[in-house]
Every structure is written in structure tokens, then in C-alpha cells.
Number of protein chains: 4
Amino acid sequence: MKVENGKATGIRIAYIGGGSRAWAWTFMRDLAMEPTLSGEIALYDIDHQAAENNRIIGTRLSLMPDAQGKWDYRVAQSLGDALTGADFVVISILPGTFDEMEHDVHMPERLGIWQSVGDTAGPGGIIRALRTIPMFREIAEAIRDFAPEAIVINYTNPMTLCVQTLYDVFPQIRAFGCCHEVFSTQELLAKAAQEMLGMEKVCRDEVHVNVLGINHFTWFDAASCRGVDLMPVYRAFVDKHYDEGFDDPAKPWDASPFNCAHRVKFDLFRRYGLIAAAGDRHLAEFMPGDEYLKDPETVRAWKFGLTSVAHRKKDLENRLARSARLVSGEESLPLEPTGEEGIRLMRALCGLDRVVSNVNLPNRGQIEGLPMGAVVETNAVFSKGSIAPVFAGKLPVELEGLVADNLHSCFFVMCAARDGCLEDVVRAFKWSPNVSARNISEAELRRLVSDMVEATRAYLPEGWYYR
Amino acid sequence: MKVENGKATGIRIAYIGGGSRAWAWTFMRDLAMEPTLSGEIALYDIDHQAAENNRIIGTRLSLMPDAQGKWDYRVAQSLGDALTGADFVVISILPGTFDEMEHDVHMPERLGIWQSVGDTAGPGGIIRALRTIPMFREIAEAIRDFAPEAIVINYTNPMTLCVQTLYDVFPQIRAFGCCHEVFSTQELLAKAAQEMLGMEKVCRDEVHVNVLGINHFTWFDAASCRGVDLMPVYRAFVDKHYDEGFDDPAKPWDASPFNCAHRVKFDLFRRYGLIAAAGDRHLAEFMPGDEYLKDPETVRAWKFGLTSVAHRKKDLENRLARSARLVSGEESLPLEPTGEEGIRLMRALCGLDRVVSNVNLPNRGQIEGLPMGAVVETNAVFSKGSIAPVFAGKLPVELEGLVADNLHSCFFVMCAARDGCLEDVVRAFKWSPNVSARNISEAELRRLVSDMVEATRAYLPEGWYYR
Amino acid sequence: MKVENGKATGIRIAYIGGGSRAWAWTFMRDLAMEPTLSGEIALYDIDHQAAENNRIIGTRLSLMPDAQGKWDYRVAQSLGDALTGADFVVISILPGTFDEMEHDVHMPERLGIWQSVGDTAGPGGIIRALRTIPMFREIAEAIRDFAPEAIVINYTNPMTLCVQTLYDVFPQIRAFGCCHEVFSTQELLAKAAQEMLGMEKVCRDEVHVNVLGINHFTWFDAASCRGVDLMPVYRAFVDKHYDEGFDDPAKPWDASPFNCAHRVKFDLFRRYGLIAAAGDRHLAEFMPGDEYLKDPETVRAWKFGLTSVAHRKKDLENRLARSARLVSGEESLPLEPTGEEGIRLMRALCGLDRVVSNVNLPNRGQIEGLPMGAVVETNAVFSKGSIAPVFAGKLPVELEGLVADNLHSCFFVMCAARDGCLEDVVRAFKWSPNVSARNISEAELRRLVSDMVEATRAYLPEGWYYR
Amino acid sequence: MKVENGKATGIRIAYIGGGSRAWAWTFMRDLAMEPTLSGEIALYDIDHQAAENNRIIGTRLSLMPDAQGKWDYRVAQSLGDALTGADFVVISILPGTFDEMEHDVHMPERLGIWQSVGDTAGPGGIIRALRTIPMFREIAEAIRDFAPEAIVINYTNPMTLCVQTLYDVFPQIRAFGCCHEVFSTQELLAKAAQEMLGMEKVCRDEVHVNVLGINHFTWFDAASCRGVDLMPVYRAFVDKHYDEGFDDPAKPWDASPFNCAHRVKFDLFRRYGLIAAAGDRHLAEFMPGDEYLKDPETVRAWKFGLTSVAHRKKDLENRLARSARLVSGEESLPLEPTGEEGIRLMRALCGLDRVVSNVNLPNRGQIEGLPMGAVVETNAVFSKGSIAPVFAGKLPVELEGLVADNLHSCFFVMCAARDGCLEDVVRAFKWSPNVSARNISEAELRRLVSDMVEATRAYLPEGWYYR
């Protein structure tokens, strides 16, 4: 990589999970629109054909006359091939298929455990993590061996455990986790500022927030926009919309399970005085008990959705079809901003800017009261080759306690993934918020754990034992 | 204070030491040039006439047609009067007069201790601190009582001990210390980038640095500009100029004792591999032994100057004369940028911007390896009502050791100022770098301590005792 | 106090709660049997007559020909009177009467919350703490003012919150909390060693244990006796007695609600691999859910008892009657060892011995993984004027999590006691183990909190508010 | 190993440095006098003949009719052979010969650096460490591989760096460092108690002390005996003997360079208010400047001795001759107590006792204010299989500073030993107390470092480089 005259050229990016039909396209679009960066992207995927398709799609994008960022795409034959010489590594993989995810998400329903996402906390997140961690161990070892100096950006869930694994395997790794949930909440604040204060055309970047928590259970204890403190503004906004929720006409809550009317978020604000900064479907999964997730009716009453895996499978079909059209040239990816932050951070890391953004990193003290080393989400300053966490302070004790319990669950997931001991999976379930506070018999819980592990067994390392 | 449409109006600033003929003028000039801020400034000074003069000067500035920032100036009758209702407090006082400073700086010369500044570390800094700390205790108590929510910016030396005192007295204070020495080193790096890389018109802001250390003994372990890593560039620059120094034609090293040819800085780079980020006259005082400060000839050979108090007195005369001319209207302060950062930080703290800058704050972990609570210098993110330190990492052990020894000296200064015990002053001297590593007999050292304390006795609290 | 020839004479003890009819008698008996200590005891009690009775009883004891420790007893008129000149302070008070305790223990039964003790964790412990903390604030202030150097031994429950309050009010206090639950578990281990290994006449002191946890939820992760590792021995002992429990013929589990057959303890050993070191009635209250405390039948099946307040009232009647007999001389307290440790610690603190024993102290790192400053139970070395905690290591994460949740509950109790805010009591309930994991509706929970607070209102400071 | 009926039998000890003619004899004598321990000792030494001689001597001892502890001695052929199956490992080696030590101790004299011991701090200790650390790395690796559960007792100097190396290589090691300097100071306090208070027959064990510091620069901030606070007693004792010193008729200070009249110790007490707990010859080497070690005359005036290596060589000759007599049976080792503590600790570690004694261990917080992980000396509780440090509190800042500087020196020694970089040796010298505060030119210092390294080169790993 060479930086000169405000441009970074010859950047080498290794994209692990390069066959992705979601993040990869977003990423390639953003790159194609960024005039100051160029170089080579090595796509690596265990689905070689998917990577090859994306190579064609990426190359088409880069060749578009309007494309300002010019990139060479190639398919890497191995992790080592992808990583050798890389300046940046992007990780965005799907651990297993939607068939496994179907079990993750829906099997616990038999005990009344409804999961609105099922990829982070709770049974679904835990089992998904058991599949993911071995893959991340392999990736981390490869980075240590082939690209120890590279900057590593992870987009894969469960974020906390993925980043934890990278640092556990290779403590010197320069990795961070990037998640857009915070952005949506900044956008909600922008809308609140517009509605309540009459501000005009507020964009997300103008909403400055102090971020603290863990991924998908992230909080703002301070927010301002153009010099105006947004905390009282948000309070009034919540009061106004508490009963009905705030439904964005651009994305009505019932149009997609990814949308919400923020009623959970508003309820949490009243309870804790802080702004919850993730989609309601994520937040609900972190709350003990079944208040927001008792059954589909309750969920509907809170105006968010259960993201069924059937929906995801359907969506995948569409994306596969689209992929074929993009490969054939029948359709092109539009050169429009995606709202993601990855490229902006990459520019800063090349030294072309200095940026403050939220990030998932091991705790070195940026959040007081949470254990050192646990992966937490706060702001960081991104500059040439450096991601420096910013002090975020301390969560209120109630939230600290909820986070701590979830970190206990994570601790046992890590144990389970390391030692392959079923008992640790049971412990992880027990400490997870949507299991801990319910009346579930020991026997039923153990049967669920056992069945869920069985359903994903193909992805677990050999030597895993029951005891 | 009200923030609206990108402007903060009705800001109330309490300026403690408001009769200052240096910082106050700088500050008033910068305010007058800033279009987005306006309000009222209460000048408080024990020299009431000096405050009154600055009121006139400030008002004249504000009335100038080109002045973009409009401010009402008033003279406050008491600390409480100045502080009540204040949004910001600026502290820039001279503890005692140049007569006391004359003893601080020159009395140790009888033992061969030459001091190039004498206001921070070493005998001069220690005795100055003994005068300053009681004043800062009083100020901190007044802030606690009259303006507990105000943001407090300190410019007074010795910086470390002043900020420490503020936090000791009132732990909830929102204070930070602001020092421009880092800026000069960023400018030096800008010049290095121009000279070695042919970059054009580099301005200080473009030089991104990781700052760590304590005030006046501050270091960069990373620096970049427009995406280019400046560490190797600086190494080449040092090699080129090591023998002769780098003499800026705009401010030749021998034109003023405040200038230098950076030879000490270059030597420290070779020794430690980090960029020392303060003027050579400050750095020299932090190094053990007398390598750079053996005698005036040695100092001259290293191409920096001893700032004699005679020079300061002469300079004060000029400034007094100028003050008279400014009051009478015979002369006006120019509306030109001063290069200081204070107003920029104030804008950010009003929420009009988000800024990364260096700052002196108690250590909450931003520097690993230094004691928690000790006042250290690192970057911080400034935003609406918030100063959040940025993780700076760890100094190399050698520098950590030098800093630690100096913090031991500071510890005993704080003890001495609290308990009035002469023995603690002796201890502070012994741990200070330009005393510790010399062959000075116990008896002579104690005599020096005793004489220096005697010379400043008028400024010490009653009840101080010898033992 | 004077220590000479192996004896400490002229010791001055202030006994707060000196009218006690349980601990005070134990304490006076032990003192009367200890030949190396003598001095004066000032009994202070808000029930003046009770203190006067104990003065008579204590004096009688001291005059008995067999009494080896000679003590002068007097009744103190005020806290200050009791404390002035004290070398030791003993605190053993009953906060409120058994009428209040009746509400503490039994009111939650209406929601199915059965409490086997109700003085430590859970609703009963929380409400008791709200009565106790104001008293302890007053005591701590008096110690600070009248006896800042005295060594303070607390026996009052809830232990953790009492000791926490003492340190919060007066951080320099030399206080510790003393509890005999650990001793009973050492005795159980002694019996296990006798039964399984054929050891003879094992006494409690010979069972060396590593103690870690919080009061009444304390654990051993190592135990040995006469050089034999007792962990495997205990495992075999548990296996042998798991189904039926171990019933000590000297104190059959169903003879008193204070006894148990250790079935809960054995179950916890199987679950966590550590030896739970408190009575089953205490342990059960710290476990989430209602496994051991579902209803009286469940409790009986686990072979321990619910300590009803009716039982306590009955017991008190007996003790009042006995007090009258002791005062009149109709009956005498026997000069027999009580099995308590207080006097032994006092001897060590006088410098007559050096002793290792378990103790409740703020965490300075003796337990890793628990918050600094939280009151924890570990071993300490007692010697002349010194209580030095011994490093105990780290709890397994599961137990660490349970302790942490309970500390969150404690945190909110402290907030409630400081600010008088009902909402914090609700939070304390929610984080307490025997509430958190049950299906209790928000409304019912709030009604319970409200009723319980109301029932104890006479003991709460004025100015307490609802919101 | 089996423990039964108060006896531990079948103990297996690996003695690394088993050819030693000092510690080994002491150790074997103590073992022979201890009735509760027996087993096998594997002597390992690179001087195979010396180990063989000790095998004969040990066996003779064990066969003496009065010997109460029966041990089988064998010579081990390798580290692995010695360690396999070991319950305890004793390490007492001489790194190099007295020829190398001659350079360590005397070469620095050319710059006026007189060393009274030269095996711990300062140039001599540093160079000795460079020889020792590679050996300790090898030993630590062997322990990890062959006896990971064994308890390891180190007697080798430099103690701090030896123990640090063991933990660096194998963090799970159960090692501690044992040093008798503290005992001598307890004996001095016993004598003070006898002389000043008329106490009779005080033995060392009765002097309870709080120990804190680093090996050979260890301090007591509390001391008592039979319940009497010894701090004021010692103050009076120091006042009485300050001018002339306290000369024990049993070991007059000028009879051996290992003796002293405690004048340095008394002077340090006046200076810092704490009792220095090591021989004056060790203490003097830790003080900056040359106050106590300016030249042989100064040393004599302070009434301690310079331990010349000529003296050590002479002594070795005597011991070699004695070894021959002991092997031939011409002479026998006497069965008298040696005053060492090792066996007592071993008994406790077998579970036959619980003992509080001083020990060198990595800092886990037992000393506040010193870095975590640095090897420090405090009390610990020894019990069955456990060495638990006791909280010792904090050194006064002056002493903390001196210790910290010395730890910086240690840090660079570790770097030098790891990387083989001469520059780190220079740094270690500069931070060592008897170099740092002197007027030594850079050039002379570097020449000394270079010459000293050269003189010991045969013991340094290959691949060491100069730069």
C-alpha cells in the first residue's frame, strides 16, 4: 500500500467469506464509490463458486464508468493465499447454513423461548457460536501466520464471541468488530431532532453519542446534535410516541422483520434512562424474562418482528437469483451510498482522515465496571494504523448487571468451544437472559441443549464429548 | 448558554487571572475572531487594575468592526462573583511575582543547578508549586461552591500539580489542562514532512500524533500526515540535522530563550526512539544528570536558551507599556490567529464540533503503567460537554521510569503543600531529575531548600513548620 | 491496655447492643474463661434495662471463683460514653423487633417466596438492611468521632451490608465481620474425616480451609486435615450420604430449624465442586429459583427448616425468663467453651498469638474477579493490631456470577438506604436470588415491596419518599 | 508422598545444585533432625562428583543413630531424572564460578563502585543474573515438562530475577523464593526487646512482623513481640546505639564480612521510619549514591564489610577440604538446628502445620503501589499444598520509588537475558541504584558494561550480539 497525494493505492484486502451475497455487495459498492482508495481484493470462500461470482460482480462494478474506486478482484485458493500480503482483512461469514440456523432459532420455541433474531444471545446465539468459534480459531491462526500486521474488520455474528476468539488465539491481532445497529439509533435521534426541534436535514454523522455496552445491547448515555443536548429531546420524543411507537414511513415496522416501531427501545429508556442503541429485535433478546418475547402476539404488540428463518431462506433465494443476474450482466449493482461505515474507517486507517466511530474491542478500561479483556462496544478514534478506544465511563449498575450476566454466558460458550464439554453449554444457556429468568425444568433444558447441539453436530470439532 | 443554528450565544466565561498580559490577550483575540461563540466574560484578578485594563482592551477588541465574536467584558469583584453562572472557567494566573521566580530559577545555580525554565520540574517548579497549590485549593473550592458544573480550562504552570490540586479538592470537577508545547512539535513534524517529502503547506492539524507522557515531558510514539507514517521520516530528518540542529529561520534559536534548534529533541529521539514533544528548554529539565544543563556553555552548545528572569522582567515591562497603549487606544491587538487551541476546544465543548486534541487529565488508564489518578497528557475527544481521554498505550520502560521518578517528586510536593512539612520539600527535591543524579551534599541541599522556601515564605500558608 | 508477661490487662471493650440475650452471654462466658485478658466492658443498648441486666449477669460471671478472666462491667449512657477510650468495639444489635422481622420473613410467602432465615439475602434481608443501615451509619460516625483507633468486631446481620456501611461512613475504620457459619462446616469436615478415614478426635482448628465468597454464601475450594487433602474425602462422604443426608445425632436436623442434614450442601458440591460453607438454610436463600425453597414440603424433603419468627419469639420468651433467673442469681451461666472464635481473635489482636481465621472485609484483591471494595469473606492473619487478608484466589465463574448478582442487590440496598428511594428497593428485590428467577408480575412485586417497606416504616429515616 | 498419623513419608525431593557445599549441608542437617518427614532426595549437579560427595555425606547423616528424619540419597543423571515424580524441588545453584564472580564484584571498583556483596543489585548482580537466567529458563522448562505440580523452593541469588524467570517461563509453576535475611533482623529485634524491655529468652518466631519490599531490600512497618509493639522499642534502641552500632558479641562485625553492627540499618530507620530487614551489606547496595559505599574506609566507618571474592575463594577451599573429611567419615555434620526455615515450610506444605513466613512471590496485589507480577517479598500463609500471600499494604512513597527504580533495572536485565542485547545491559546499569546517582561518564560506563559482559561471556547463550 502506498499513500500519496491524499490517495491510498495498491491496498490489498483479503475478504474471508468473499462469496457473501449481502455484505460483500455492500462493501464492493462502497469501494467503487470511494475515489481515494484502490488496490486488490482477494475473495476467499469455502463456496468457491460464490467467490467466483462475486469476482465477476466486483470486476463489473469496478469497470463501470462512474466507479471512482478501481479494484482488481481475484479468487483466493486458500486462507493463506488470501491473507499473504494483506493490508486489511474483512471477515463476513455465515457459519453453517440456514438449515442449522433454523434449529438455532426455532427449536427453543418448544419451551416457549421465542427468539427475534437468534444469532447473538440466548440459545440460538450460543449454538451459532459453537459453530463459528472453530472457524474463527482457524482464521485467527491464519492471520497470525500469514498477515500478523494486517488490520482485521469483523462483521460476523455473534460479534462479541467472534472478536473474543480472534484475540484469544492471537493477542497481538489488530482486529475490531463493526456493527451498524448504532447507526440506526443515531438516525432515530436525527429524526427526533427534526421532529421535536425543527432541525433540518440532520444526518447521522451529526449525532454525537457516547457509546457503551456490548454488541446488540449497546447504550448511549449522552447524545447531542449541532450543539443541542438530545437527552431531554429524546425524553419528550419517547413520551410523545410511547404508546403507539414511532413508525418510519420509509420502513414501516410491519413491512419487514428487520424493522421496528422502537417501542421496546422507548420502554427501556423509561426504565433505565439511557438510550438503547440497537434494533428492538436485538434488545428484546437481552432482557431477562419474556416480557417482550412471550409469544408472537406479545411481539406484535411491541411492534417488532420475529425474523423467521423461513423468511431468511426466501430472501436468500432472491439474492441467489440476483447474483445470477449480476454475474450475467443482466442487472448491475447501483452506485449509491449504503450507509455503512467500513470504507470510512478504512480511509482513516490509511491515514486519510481521523474518525470517531463505535467499535467492538477487548476492554482495556474503556468501560469501567466490566471485566478487562471482555469484548465491549464503545467509540474509538481511528487514524493511520490505529484504533484507540475512547473512555466511555460506566453503565448504571442495573445494566452493568445485565451485561455481566450475559458475559458469564459468553464465558461458558468459550469454555464449551475450547473443551467440547456439554455441561458448559448448559451453563451458557442458564446464564443467557432469555433462559435464566423463566420457569424451565432442568430436564427440559438439558434435553433442549442436547437436541440443539445434535442438530449442529456436523459443524462441531471431532472429539466433542458429552458428560 | 444557548446553542442554536450552529452558534452558541450567552456563554458565560469566568477568567481567573483576568489581568494577565499574555494569555488573556491571546484568548481575547481568538474569541474576537470566532464567529460562532458569544457571551460574557467576567475577569477576576487579585490585581484589580490589571483586570480593569483587560476589560477595556477586551471591549475595544469586541467593538472592532472586523470582530466576529461579540463579548461583554466585566470585572468580577470576587471569585464567587466571577464563577456564579459560569459555563467555562479559564485559569491563567502568575503565582507570586517575578521576584519570587527569580529565586526559583537562579538560586539553585549556586549548586550548579542551571534551570532553563524553572516553572515545572526541579527546584524552581517545586517552589513555584508551593506558592500555587494554596491558590488552586481556593479556586477549586470556589468552583465546587459556585460553579460545580462549569468546564474548567487551566493554563497555569506547573500544569501537572495545578490540575492534580483541582481534582484533589473537588473530584467531580470537569477540569483539564491545556498546553501548546505539543503543537510546536507537530509544527516541527510538518516542517520535516515538507523538507523530506516535498509535501506542501502542511498545517499542524494534519499531523496526527499519539500523545503520551506528562506535561512538558510529553512524547509521540506514532505520527502521520496525509496518510504517511512520519516516524521514519523524522528519523531521516534527525539524521540530517543531528549535528547542527534544525534552525527555523522564522524563529532562530538564539533570537529568544523560548526558541531552540531541537538538538535535545533529536538526541532524545536517538536515545528512546520516540519523539519528545515539548520545547528543548522543558525537556532538558526532565533528564537526570546535567548532560544538557551542565553550564551556560553546554546549553549554548545544545542550541537552546536559559530563560533568565531578568529577561522575563524586561519583557513584562514591555507588556505593561503595551497594556497602557492598548487601554488608551493608542495601539490595537491584531485580529490574527494565535495558533492556540483553546477556542477550538470550547467550540467542541459547546457541541459545535467534535475534536481530538491533547490534554492533561487524571489517569484513568489512558496511559498503562503510570499510576491511576496521576495527571498525564494524552489525546482526548472533545464533544458537547465531554472530554473523553483516548487510550494512548504505554511508554517504553525507560521513559516510564523517568516519568515515575518525577511523579514521586510531585507526590512529595503535594504532601508538602498539604502538611507544610519542610522534610517533604527535601524529598521532592531529591526525586526531581535535575537534583537526583548529581553529587550534591545533603547539607548543601537542605540549605538550598531552606533558603528557597524562605524566599517565597510570604506566599505560603501560615502554620508551615520546619522540623 | 497494657500487654505484659503474656497478659493483656486494662482492655476496654465497648459492647454496642450490650443488652443482647444471646451473643452477649456467649461473649461474657468466653471472656470469663480466658485467663490472659482482663479489663472493662461498657454495655450500651437502647434498651437500658437489658444492658443493666447483662451488667449484673456479667459481674456475677466475673466473680465466680472459676472465672479466669476478670472484667468490670458498666452500663454506658450513650454511644460516645461507651466508645471513649475503647480498644475494642463489639457490635451485635437486633435492628427493630421480631414484629418487624415477622413481616420481613413471612410477608413474601404470599407470592410463594419462602425464606428459611430472611436476615441476609432476599426480601427479608433487604428490608432488615433498610432498618439496620441507618443505625450502622450512626455507630460508624460515633466510632470515627470517639474511638477511631479501636478495633471493631461486627456480629450483626446482614453482615455484608453492615460491614459495608461501616467502611462507607468511615473508610479508615479497623472493622471486620465475624461469623460462625464457616466453623460448622469445618466441624462437618472433621466428622467426614473421622467417618471416612478413621481419624480420631479431630477438632475444628485442625481443618485448614481456603475460604472465599460472601457471608452466608461462603465456599471452600481447598480443605485438609492433619496433612490429608479432604476434597476427595468429602466427595466420597457426599456420595455416601447424598440421598439421606448426614444427620448429626447430637443435633438432628428436625430438632431445630437451625439444624440441617446438609443435603443442600451436598447438592451444591455436586453442582459446583466446591464445599459450601454455611448452614443449608442460608445457602438455599442464595440460589436462584425455588429449587430448595418451593414450599414447606420441599424444604422438609431437603431436610432443613424454615426458621419461623414465631419460633424466634418463643425462644425470646425463654431467654427473657432465663435473663431474669440469671439476674436474680437463681441460675448461673456455665463456664464452658462456646465454640466461638471472637476471644481467640481478640487475643491475637492484643499480640498474644497469631491466628488465621475467616473474616468479612472489603475486597482489596483477596478475591479476584469480585469488585474491589465489596465486602467478601476470606481468611485473614490476625496479629497485634492487624487484620491482614490472605489471598483466596477466584471463585468458579458460575459462583462468581451468583455472588455478583447478589452484590448488585446489595448495591441497590445501599442506594435505597442512602437516598430513601423506593425504586432502588424494587431493584434490590429484582437482583436478589430468590426473587430474580421466579415468575412474579411487576405489579405484585411492587405491591410486596411497598407493603414490606410500610411495615418497617417506623425504623426508616424521615424524608424517605416514594416515587 | 503419603501423609498419615502426623508424618509425611515417601516425599520425593529434587535438589538442583545438589553438589552445593553450603546450603545442601544445611538442608540435609535440618532434614535429618526432623522426625515427621522422610523420603528420597535426588541430587542433581553439573558437577557430578560434588553431587556424589553429598550423596555420601547425606547418607551418613541419615544413618546417624540420632538422626530422626530418614532419607535415601541418590545422584540424578539429568534434570529430568531428578524431577520426575518430585513433590518438592529445591534450587540452590552457583551460576558460574568465583572467577566470574571476581569480575562481577571487583571490576566496577575501577569507577569507584564498591560492592559489599555484588550478587543482587548493581553491576555485580546484573552480570550474575545474565549468567543465571539462562540456567533458570532451562530449569523452569524441565519443571514444566517433568514435575509441573511440584512445589519449588528457590535459594539462588539474585532471588528476584530467579523467581521472575521461573514464572515467566512457566506461569503455573508453584514456586517461591526463600531468604533468611529477614530472620536475622527478627533476631535483632529479639535482642532489642531483651535489652530494652528486659524480656527473657525471646526467640525469633515470637517476633511478628509485617514484611514488605523486594528481596534484600525488605522492610518491616510493624513488629511486635509477646503483645508489645516493637516499633517504639526499636526507636529507643536505635537512639541508644546509633553512634557506635550494635555489635553482637557472638558475631562481632569485624570478625567476618557477613556480619555488621547495623549502623546502616539504624540510619535507614531514622530516614524512613521503617525497619530495614536485611544485612547492612545488602541494604547499602540498594541506596542511590555512594553514601555507605564510597570507599573501604567509609564502609569500615559504617561497620560492615566488603565481601571480597578472595575471601569467598578461601572459604571455598576450606569447604572443599571439609567435604573431603565428611565424605571420608573423618568428620561428621553436627545434628544442631541451623536456624533456617525451609524444613518448617515443607512441613506446612505437607499439611502438618500452618505457618506464616516471609517469601518471594509475584505481586498479585500483596504490595499496593508496586507493579503486578513483579516479584516481591511479603508474608504468606503456608498450608497443605498452598502458599497464599498476605496483604502487606504499601511502602512509603520514598521507598516505593527506590524499589521501583530497582525493578526498572530488573526489567532491563530480563530484556537483556531474553534478547541478548547489550544496550539493555547498559540500561539495567543506569537504573541500578549504585550506578544511577553517580557522576560516571557515558563512555566509561559503556566500557565497564562491555568488559564485564566479556568476562562472563562463556556463560552467555550463543547469539548474543552487541549493537
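Not measured: the values here are computed from a predicted model. All values below were derived from every heavy atom in this structure, side-chain atoms included, with hydrogens, water molecules and symmetry-related copies excluded. Every chain is numbered from 1, with letters handed out A, B, ... down the list of sequences.
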Enquirer: Nearest 0.5 Å, what's the CZ-CG distance between B/F391 and A/L361?
Expert: 10.0 Å
Enquirer: Heavy-atom distance under 4.5 Å to chain B: side chain of A/N5, backbone, both or neither?
Expert: neither
Enquirer: Top residue by heavy-atom pair count (under 4.5 Å) with chain B, among A/Q366, A/M1, A/K7?
Expert: A/Q366
Enquirer: Does A/R235, at its CZ atom, have more than 12 non-hydrogen atoms belonging to other residues, nucleotides or ligands within less than 6.0 Å?
Expert: no
Enquirer: Are any of the side-chain nitrogens in B/E368 or A/R364 under 4.0 Å away from the carboxylate oxygens of its partner?
Expert: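 Here B/E368 pairs with A/R364 in a salt bridge, since their nearest N and O are under 4.0 Å apart.
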Enquirer: Mind listing the closest non-hydrogen atom pair of B/A388 and A/V390 along with its distance?
Expert: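 Looking at all heavy atoms of both residues, the closest pair is CB-CG1, 3.4 Å.
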Enquirer: Could you grab the distance from atom CE of A/M199 to atom CD of B/E4, nearest 0.5 Å is fine?
Expert: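 These two atoms lie 8.5 Å from each other.
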Enquirer: Looking at every non-hydrogen atom in both residues, tell me the closest pair between B/V228 and A/V3 and how far apart they are.
Expert: CG2-O, 3.7 Å
Enquirer: Quick check: closest heavy atoms across B/S224 and A/K384, and the distance to 0.1 Å?
Expert: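 Result for this residue pair: OG-CB, 3.3 Å.
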Enquirer: Can you name the nearest heavy-atom pair linking B/R226 to A/L352, along with the distance?
Expert: O-CD2, 4.4 Å
Enquirer: Let's test your reading of the structure: which of B/C225, B/G385, B/G351, B/G227 forms the most heavy-atom pairs below 4.5 Å with chain A?
Expert: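 Ranked by contacts with chain A, first place is B/G227.
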Enquirer: With side chain to side chain contact (heavy atoms under 4.5 Å, CB included) as the test, would you mind laying out the steps for B/N379 and A/V381 before giving the verdict?
Expert: CA-CA 10 Å; B/N379 281 329; A/V381 176; over 6 Å; no
Enquirer: Give a yes or no on this: more than 12 heavy atoms of other residues, nucleotides or ligands lie within 6.0 Å of atom NZ of B/K2.
Expert: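 Not more than 12 within 6.0 Å, no.
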Enquirer: Looking at B/D229, B/V356, B/D353, which one has more heavy-atom pairs under 4.5 Å with chain A than the rest?
Expert: B/V356
